[in-house]
There are 2 protein chains.
Amino acid sequence: METTTPHHTRHDSREDLLKAARELIVGRSYGAVGIAEICARAGVRKGSLYHFFPGKEALTLAMLDALYADFEREVLIPGLAGADGLHARIEAFVRAIHAFEARIQAESGQLPGCPFGNLAVEMGTHHPTLRQAIRGHLDAVTAHFRSVLDEAVQDGELPPHTDTDALAEQWLALMEGILVMAKADQDPATILRLGPALGAVLNPSPEARHES
Amino acid sequence: METTTPHHTRHDSREDLLKAARELIVGRSYGAVGIAEICARAGVRKGSLYHFFPGKEALTLAMLDALYADFEREVLIPGLAGADGLHARIEAFVRAIHAFEARIQAESGQLPGCPFGNLAVEMGTHHPTLRQAIRGHLDAVTAHFRSVLDEAVQDGELPPHTDTDALAEQWLALMEGILVMAKADQDPATILRLGPALGAVLNPSPEARHES
DNA sequence: ATACTAGTTGACCGGTCGGTAAAGTGCAAG
DNA sequence: CTTGCACTTTACCGACCGGTCAACTAGTAT
């Protein structure tokens with residue numbers, strides 16, 4: 001054995017920091033949370049944070065990676081793979097998102113919206129590194145949407161020449177917007193009320209012919 | 001004459017502060033802009049700011065009011081009243097939003113997204129006063145959307161029993177989401193690419209009959 | 001035993017945060 | 001001329017920001 005588990009069963013400050021950063025930043029925002037507060041919640045001194053991470057940005061980046069991994073495993077995959085039929089899958093996915101938001105609101109008192117969208121909005125204009133990392137996570141979500149849509153095309157639920165790329169992107173945009181509205185309302189019911197619009201964007205447009 | 005223009009033609013620090021706050025906060029975020037920077041851009045000393053406004057939050061609130069008034073006058077009304085026909089109006093509105101975002105990006109180097117949605121996302125969970133003010137502005141936008149949809153119902157472009165309230169809300173959510181994505185991309189082309197989805201949500205759903 | 005190293009600790013840094021207080025300025029009404 | 005008021009100016013406040021540092025602790029390998 002080359003490295004027999006760094007020390008033994010470690011108390012793992014690194015993970016505690018990631019967890020604290022997730023809870024605080026997702027529940028509030030990047031700018032509204034200081035590293036002192038993160039350290040306090042993690043039960044770790046500030047110097048230790050800088051042993052594991054070069055700074056606040058890097059900690060946030062790592063937090064987002066872990067958050068996406070959890071989100072994919074706990075919400076995206078089970079929410080989308082659940083039912084048969086495209087519209088049933090949409091319904092299940094909306095309910096999964098609703099449950100996710102409602103649970104966090106119950107735990108922390110705050111409806112967070114989409115953590116990735118939130119950070120993209122807050123940091124998008126003046127923090128390119130974070131912006132591009134978030135862009136990558138959003139692309140990963142889009143890819144999941146597209147594969148669901150591709151399956152629907154193969155099953156004949158959607159026309160053969162459907163632009164699933166475009167539809168997946170529209171789904172993501174709509175989902176982000178729904179979560180912005182839910183956050184502005186601080187009410188998870190908004191997600192259920194607007195969720196069905198995800199199905200509407202799939203409908204064939206009768207303006208195939210347009211005389212201009 | 002009771003009050004012959006407070007002093008004479010005033011240099012108007014108040015308006016300079018509102019303008020500076022708008023440019024900076026819209027271009028970055030609430031948390032990333034300090035009052036010192038706002039004062040510097042406005043060419044006003046900090047004490048004067050606190051003569052006109054009780055604090056940063058009140059300044060931001062007043063800035064948002066003025067911003068909404070301008071947005072309604074310059075984008076919302078001309079963008080929605082322009083053309084005949086619902087789909088033409090959608091197209092015109094999307095182009096108006098695109099022009100708005102592209103102009104700000106050209107001026108400041110930053111694509112801001114929706115200033116109201118941005119603030120709702122950033123402050124929604126921990127700043128109820130701002131959140132509710134923003135919620136009011138978003139409702140005002142929804143009302144404009146709904147009146148356009150109501151006209152379309154009257155003109156027979158939409159079925160008589162269309163739930164224009166729900167559709168207007170879906171439009172706003174989608175528009176917010178489109179602007180989140182455009183901000184994540186920092187690319188106004190995203191607005192044009194996703195804009196047509198606004199028309200898609202209007203399409204009649206062929207699942208009017210569902211056997212379950 | 002010794003040397004090495006991953007991890008921890010607490011004191012400390014300059015800078016900036018939002019906000020305050022008091023003195024001063026200049027116009028206008030009495 | 002004087003008082004009052006709207007507004008400006010400057011100096012200042014304590015708190016907090018993200019980040020640094022050197023000393024320390026404790027397991028590990030030799």
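Residue numbers begin at 1 in each chain, while the letters A, B, ... track the order of the sequences.
Taking atom CG of residue B/Leu49 and atom C1' of nucleotide D/dT10, one finds them 15 Å apart after rounding to whole Å. Taking atom NE2 of residue A/His51 and atom C1' of nucleotide D/dG19, one finds them 16 Å apart after rounding to whole Å. Atom CG in B/Asp12 sits roughly 9 Å away from atom P in D/dC7 (whole-Å rounding). Per the geometry, CZ belonging to A/Arg45 stands 11 Å off P belonging to C/dA11, to the nearest Å.
Residues satisfying the salt bridge (Lys or Arg N to Asp or Glu O under 4.0 Å) criterion with B/Asp16, sequence neighbours excluded, are absent altogether. For A/Arg14, there are no salt bridge (Lys or Arg N to Asp or Glu O under 4.0 Å) partners, not counting sequence neighbours.
Of the charged side-chain nitrogens involved, at least one lies within less than 4.0 Å of a carboxylate oxygen, so that A/Asp185 and A/Arg193 count as a salt-bridged pair. Salt-bridge annotation for A/Glu151 and A/Arg89: present, with a side-chain N of the basic residue lying under 4.0 Å from a carboxylate O of the acidic one.
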Between side-chain atoms of residues 35-43 of chain B and protein atoms elsewhere (two or more places apart, or another chain), which donor-acceptor pairs fall under 3.5 Å?
unit_1, atom_1, unit_2, atom_2, d
B/Glu37, OE1, B/Arg28, NH1, 3.3
B/Glu37, OE2, B/Arg28, NH1, 3.4
B/Glu37, OE2, B/Arg28, NH2, 2.7
B/Arg41, NH1, B/Glu23, OE1, 2.3

Side-chain donor-acceptor pairs under 3.5 Å in residues 93-104 of chain A, sequence neighbours left out?
unit_1, atom_1, unit_2, atom_2, d
A/Glu101, OE1, A/Gly113, N, 2.9
A/Arg103, NE, A/Glu107, OE2, 3.2

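Side-chain N/O atoms of A/Ser13 include one lying less than 4.0 angstrom from OP1 or OP2 on C/dT8.
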TODO: Spell out protein contact along nucleotides 13-25 of chain C as letters: B when the base is contacted, S when just the sugar-phosphate is, - when no protein heavy atom is under 4.0 Å; keep the 5' to 3' order.
DONE: ----SBBBB----

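Of all the heavy atoms in A/Leu86 and A/Ala152, the pair that sits closest is CD2-CB, 3.7 Å.
Contacts between residues 20-28 of chain A and DNA chain C, defined by a heavy-atom separation below 4.0 Å, involve no residue at all.
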TODO: Mind running salt bridge (Lys or Arg N to Asp or Glu O under 4.0 Å) on A/Arg22 and A/Asp70 for me, showing each step along the way?
DONE: CA-CA 12 Å; A/Arg22 178 192 302 200; A/Asp70 287 353; 2.9 Å; yes

